[in-house]
2 protein chains.
Amino acid sequence: MKTSISVAIVEDKEAIRQSLAILVDGADGFVCRLTFETAEDALDQLTREPVDVVLMDIDLPGMNGIECVRQLKPRCPQTQFMMCTVYDEDETVFDALKAGATAYILKRSPPHKLLEAITELHEGGAPMSSTIARKIAGSFHVSPSASNELDVLTTREREILDRLAKGHSHKEVATELFVSPTTVRKHIFNIYEKLQVHSRVEAVNKYLGRK
Amino acid sequence: MKTSISVAIVEDKEAIRQSLAILVDGADGFVCRLTFETAEDALDQLTREPVDVVLMDIDLPGMNGIECVRQLKPRCPQTQFMMCTVYDEDETVFDALKAGATAYILKRSPPHKLLEAITELHEGGAPMSSTIARKIAGSFHVSPSASNELDVLTTREREILDRLAKGHSHKEVATELFVSPTTVRKHIFNIYEKLQVHSRVEAVNKYLGRK
DNA sequence: CCGACAATACCGCATTTGTATGATTTTCAG
DNA sequence: CTGAAAATCATACAAATGCGGTATTGTCGG
């Protein structure tokens, strides 16, 4: 017989934690090794006793699940982390992936789907809900229009935006370019209109091509 | 009766194209509307007659499948593109996603898997092979070695900085985090002290690791 | 238990910034 | 040459921001 997949669960709500544990432990080929109520507990224990897969709730009291993964992943590189959440259309997906999670599923997934996901994760996959997967795939897409958005800017406007990107104030930019602060502000205003933004940070983000 | 999913196939090898067409057209709920031997042909025709899903081979004579998607996607935003390839561990995955593809499967996938993938793609998912999905998820992972100056920030401060980085004002952040604007400003002030900066843009630059 | 620290919140002030309106000069392509 | 676009500058106002001080509450490690 093949070795079972060892699982740990981090979930603050008693009822959910229990039922997850029972589900996993009851299924063939899985064993629920550890359960935790808080990220802090998990952090402490999982470093010493690594498991194959960790089911991690995101919304935990104290340290949240994402932060927990961020700290745990470097210390247990072989452990795979699956985020469990109730929200599916959140920015947190990307934060979770950045932190080192490899799977992201919804709590309302049916039990057999959950077990399938654990298996898939353990076998080298990255199970995600449909909408999440689509979101992730879409995040790579670069529309050809977006990259050229800066083309509408004049040379002078780019010079100014470049300095704004370094954190300079309009007065500083004015001094650097030997023009009046008023002029710089006018340019900034024009830049905002062209880029359709309303603040420095937004403008700089577009300029440096981040979202 | 529900409308069938309309499919187009772009594949230069006669035998494969034929068998794919027969598979799709023969299955319930699918209809193979068009087939093409080259990217150029597809480009010409698909703009006028959009379909729901396009199965796109990557390795085509002349223009490759990825370039074809790049040009087709902006003109048929509602069409979903599924790349079909024989290699699974290629850098081309990311290029395909950037170009606008939403699915990436292997040619050696069993027929029923292919049909499943088409359905999933059409219903808002992003079907990928396990290894591909893992590769994509992993590409987001940032190891904590890169950033260390941010360690002095508390969790709350990071949350706030994260939103500042998206261009939100202190009022917006306050609303998002359900606290008073005054509190947010205080946090921002503390962040500035810790990071040794004096403006939002500078703080965001440090946060995102720009120089 | 206590001290350090995080998070919360308020008041206030000077400056910067975002927005608007208007005008003059330079530059450059048709 | 000529008109459009770019660059320049000014004034004005409301809002946002940066900076300072102060205070309460809660948590956590020692």
Side-chain angles (χ1 to χ4, degrees), chain A residues 12 36-45 59-64 66-68 71 148-207, chain B residues 149-207:
Chain A
D12 59 322
F36 304 98
E37 264 186 73
T38 69
E40 287 80 359
D41 291 348
L43 210 51
D44 181 55
Q45 189 93 4
D59 198 17
L60 296 167
M63 183 187 294
N64 70 44
I66 293 178
E67 189 53 38
C68 185
Q71 298 193 30
N148 298 350
E149 200 165 13
L150 301 169
D151 289 0
V152 294
L153 298 183
T154 67
T155 312
R156 198 54 157 175
E157 285 165 350
R158 262 189 287 270
E159 270 183 302
I160 288 171
L161 189 44
D162 193 67
R163 285 167 168 84
L164 288 187
K166 289 173 183 148
H168 300 181
S169 73
H170 61 123
K171 279 192 179 178
E172 290 170 328
V173 176
T175 307
E176 290 159 24
L177 299 180
F178 309 106
V179 293
S180 145
T182 328
T183 305
V184 176
R185 297 186 66 194
K186 178 68 170 174
H187 281 307
I188 295 174
F189 183 67
N190 291 135
I191 291 169
Y192 287 178
E193 277 198 322
K194 290 184 179 178
L195 297 186
Q196 303 259 57
V197 298
H198 307 278
S199 77
R200 276 161 154 67
V201 174
E202 286 180 300
V204 170
N205 280 345
K206 287 219 172 187
Y207 179 58
Chain B
E149 196 169 12
L150 303 168
D151 289 359
V152 292
L153 298 183
T154 67
T155 310
R156 199 51 160 175
E157 285 165 351
R158 262 190 289 269
E159 272 183 300
I160 287 171
L161 190 43
D162 192 67
R163 284 165 169 87
L164 288 188
K166 288 171 185 149
H168 300 182
S169 72
H170 60 130
K171 279 193 179 177
E172 291 170 327
V173 176
T175 307
E176 290 159 22
L177 299 181
F178 309 106
V179 296
S180 141
T182 328
T183 305
V184 175
R185 298 185 63 191
K186 180 64 172 174
H187 281 305
I188 294 174
F189 182 68
N190 292 138
I191 292 169
Y192 287 177
E193 279 196 323
K194 290 184 179 177
L195 297 186
Q196 302 262 55
V197 298
H198 307 279
S199 77
R200 276 160 154 68
V201 175
E202 285 180 297
V204 170
N205 280 345
K206 287 219 174 190
Y207 178 60

Exercise for review: Starting at atom NZ of Lys171(B), determine the distance to atom C1' of dA15(D), rounded to an integer number of angstrom.
Suggested key: 7 Å

Exercise for review: Can you figure out which of dG18(C), dA9(C), dG12(C) approaches the side chain of Arg185(B) most closely?
Suggested key: dG12(C)

Point to revise | Length of the line joining His198(B):NE2 and dT15(C):P, which is rounded to integer Å | key: 17 Å

**Study point:** Listed nucleotide nearest any side-chain atom of Ser180(B), set dT17(C), dA16(D), dA9(C)
**Key:** dA9(C)

Check your understanding: Is there side-chain contact between Val184(A) and Ile160(A), with at least one heavy-atom pair below 4.5 Å?
Key -> yes

Practice item. Return the nearest nucleotide to the side chain of His170(A); candidates are dT17(C), dT8(D), dA7(C). Key: dT17(C)

**Study point:** Nearest-angstrom distance from the residue atom CZ of Phe189(A) to P of dA15(D)
**Key:** 16 Å

Review point. Rounding to a whole Å, what distance do you find between Leu153(B):CG and dC5(C):C1'?
Key: 14 Å

Check your understanding: Between Arg163(B) and Glu176(B), does a side-chain contact (heavy atoms from CB on, under 4.5 Å) hold up when you go through it step by step?
Key -> CA-CA 9 Å; Arg163(B) 284 165 169 87; Glu176(B) 290 159 22; 2.8 Å; yes

Check your understanding: If you check the Thr155(B) side chain, which of dA16(D), dA7(C), dT8(D) turns out closest?
Key -> dA7(C)

Review point. In terms of side-chain geometry, is the basic nitrogen of Arg158(B) or Asp162(B) positioned less than 4.0 Å from the acidic oxygen of its partner?
Key: no

Review point. Start at the 5' end of DNA chain C and walk down; is the nucleotide closest to His168(A) or to Glu193(A) reached first?
Key: His168(A)

Exercise for review: Whole angstrom is fine here: how far is it from CG in Leu164(A) over to C1' in dT17(C)?
Suggested key: 11 Å

Check your understanding: To the nearest Å, how far apart are Arg158(B) CZ and dA6(C) P?
Key -> 11 Å

Practice item. Can you figure out which of dG18(D), dC10(C), dT8(C) approaches the side chain of His187(B) most closely? Key: dT8(C)

Practice item. Return the value, rounded to whole Å, for the distance between atom CD1 of Ile160(A) and atom C1' of dT17(C). Key: 15 Å

Exercise for review: State, with a plain yes or no, whether a side-chain heavy atom of Val173(B) is found less than 4.5 Å away from one of Ile188(B).
Suggested key: no

Exercise for review: Looking at every strand, decide which applies to Lys186(A) at a 4.0 Å heavy-atom threshold: base, sugar-phosphate, or nothing.
Suggested key: base

Study note, to complete from the structure: Of dA6(C), dT19(C), dT17(D), the nucleotide closest to the side chain of Ser169(B) is dT17(D)

Point to revise | Selected nucleotide, minimal atom distance to Thr183(B) side chain, candidates dT17(C), dA16(D), dT8(C) | key: dT8(C)

**Study point:** d(CG, Leu177(A); P, dT8(D)) in whole Å
**Key:** 8 Å

**Study point:** side-chain contact (heavy atoms from CB on, under 4.5 Å) between Leu177(B) and Arg156(B), worked out
**Key:** CA-CA 10 Å; Leu177(B) 299 181; Arg156(B) 199 51 160 175; 3.9 Å; yes

Check your understanding: Which part of the nucleic acid does Thr182(A) contact within heavy-atom distance under 4.0 Å: base, sugar-phosphate only, or nothing?
Key -> base

Review point. Would you say a side-chain N or O of Tyr192(B) is under 4.0 Å from OP1 or OP2 of dC19(D)?
Key: no

Check your understanding: Between dT16(C), dG18(C), dT8(D), which nucleotide has the shortest distance from any of its atoms to the side chain of Arg156(A)?
Key -> dT8(D)

Review point. Counting side-chain heavy atoms from C-beta on, which of dG18(D), dT17(D), dA20(C) comes nearest to Ile188(B)?
Key: dG18(D)

Practice item. Answer whether the closest heavy-atom distance between the side chains of Leu161(A) and Leu195(A) falls below 4.5 Å. Key: yes

